[in-house]
Amino acid sequence: MSSGFEEIGERVYLLRQPALDVNVTLVVGDGEALLVDTLSNAAQAGELAVAARAITPYPWTLVNTHHHFDHCFGNATLAGEPARPIYAHRAAAARLREQPELVRQQAYDEMRDAEPLLAAELLRTTILAPTHPVHLESTLDIGGRTVVLRHLGRGHTDGDLVVEVPDADLLVAGDLVESSGPPSFYDSYPLEWPETVAELLRLAGPRTVIVPGHGAVFGVDGVRAQHEQLSTLAWLIRDGHADGAPPERVAARAPFTPTATMPAIHLGYAALSGDT
Ligand SMILES: [Zn+2]
């Protein structure tokens with residue numbers, strides 16, 4: 001059971017779903033609202049809808065920060081009838097529209113051992129693809145509030161969107177940064193990720209609130225620290241590849257756990273060898 005939304009900025013609210021510690025952000029304007037990310041399944045999304053309705057009666061537009069199940073499998077429940085618009089980066093939107101069963105299978109494989117009940121539910125969840133693909137930038141008017149959706153480059157995936165709420169000095173970063181665990185590299189572009197987070201930092205001021213995909217909100221210092229770790233890892237991968245070092249030796253020196261880091265090294269090595 002989720003604990004409900006808490007205000008983290010002017011008419012901006014955060015719900016932290018205990019399962020996987022996923023964040024959902026609610027932005028409320030005059031007569032209209034925006035929900036960023038929709039959780040993992042119909043049950044979680046149903047609870048999320050109840051929690052959001054405790055904050056606002058207004059219709060909401062949806063955003064998926066990327067295509068991973070814990071950020072978009074609640075779409076079908078939350079879009080309602082007639083369906084509300086759903087924004088996502090065009091790569092994420094295309095994957096959910098054209099290859100939903102592949103996305104579902106990857107999600108199932110990822111969760112099967114750690115969360116078998118959740119994994120089984122993923123097989124039954126209706127996947128609703130985003131309706132509004134974003135290429136580089138899209139500016140929304142949410143009941144008189146400007147909200148900017150930006151793709152800052154490849155990183156956690158090839159289709160991460162950042163949601164900027166300028167009048168609240170707030171950025172929703174999706175899984176480009178995480179505070180409850182190490183970054184998740186299995187779908188990532190580890191050599192490009194640092195520059196994408198550098199772009200995120202360029203959007204942030206000294207007091208900007210930055211909502212990670214998982215875990216407690218960051219200030220700019222927390223994101224700067226994660227940027228340094230990602231940069232360190234990218235250079236370890238480049239050096240290791242140049243030296244022909246086995247991935248395990250690179251992982252032992254990385255700023256994240258070896259288990260978290262190994263996919264990054266394999267993907268980074270493949271990119272440097274021209275295999276991707
Ligand atoms: Zn993710």
Side-chain angles (χ1 to χ4, degrees), residues 14-25 35-41 44-45 48 62-75 86-96 99-100 102-115 118-119 121-122 125 127-130 134 149-163 171-190 192-194 196-197 200 210-218 223 226-227 229-230 233 256-257 259-264 266-268:
L14 178 69
L15 180 139
R16 295 182 60 185
Q17 160 61 242
L20 308 177
D21 207 357
V22 191
N23 288 325
V24 178
T25 307
L35 268 174
V36 184
D37 286 340
T38 64
L39 301 176
S40 298
N41 54 45
Q44 288 184 7
L48 165 56
L62 302 176
V63 177
N64 300 139
T65 56
H66 60 294
H67 74 279
H68 289 156
F69 70 92
D70 46 332
H71 303 265
C72 66
F73 274 26
N75 283 359
I86 308 173
Y87 288 80
H89 182 261
R90 64 178 183 176
R95 206 169 271 121
L96 289 164
Q99 301 176 299
L102 182 63
V103 173
R104 184 199 304 283
Q105 189 62 44
Q106 287 168 342
Y108 176 78
D109 292 345
E110 190 196 346
M111 299 314 296
R112 184 181 44 204
D113 296 334
E115 301 272 354
L118 176 60
E121 268 186 72
L122 296 176
T125 301
I127 297 176
L128 182 63
V134 177
L149 313 180
R150 297 178 197 274
H151 175 65
L152 302 177
R154 301 197 295 189
H156 173 68
T157 69
D158 60 358
D160 302 299
L161 274 191
V162 166
V163 181
L171 291 163
V172 183
D175 287 0
L176 286 173
V177 290
E178 298 191 33
S179 67
S180 59
S184 168
F185 289 104
Y186 71 93
D187 244 353
S188 73
Y189 295 79
E192 298 168 51
W193 195 336
T196 302
V197 176
L200 175 68
I210 299 159
V211 181
H214 302 259
V217 297
F218 275 122
V223 174
Q226 195 141 106
H227 174 254
Q229 292 177 311
L230 289 164
L233 176 60
F256 309 107
T257 63
T259 308
T261 308
M262 283 304 281
H266 288 299
L267 288 165

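Positions are given from 1, in the same order as the sequence printed here. Counting convention: from 1, in listed order, for ligands and their atoms alike. Not measured: the values here are computed from a predicted model.
Annotation: side-chain hydrogen bond (donor to acceptor under 3.5 Å, both in side chains) contacts of Asn41 (sequence neighbours excluded): Glu121. Applying the side-chain hydrogen bond (donor to acceptor under 3.5 Å, both in side chains) rule to Glu178 yields no partners; only residues at least two apart in sequence or on another chain are considered. When the side-chain hydrogen bond (donor to acceptor under 3.5 Å, both in side chains) test is applied to His151, no partner is found at least two apart in sequence or on another chain.
Taking a cutoff of 4.0 Å between a charged side-chain nitrogen and a carboxylate oxygen, Arg95 and Asp158 qualify as a salt bridge.
For the Zn ion (ligand 1), the count of nearby protein N, O or S atoms, meaning those under 2.8 Å away, is 4.
A donor-acceptor contact shorter than 3.5 Å is absent between the side chain of Asp109 and the backbone of Gln106.
If you take OG1 on Thr196 and NE2 on His156, they are separated by 12.5 Å, rounding to the nearest 0.5 Å.
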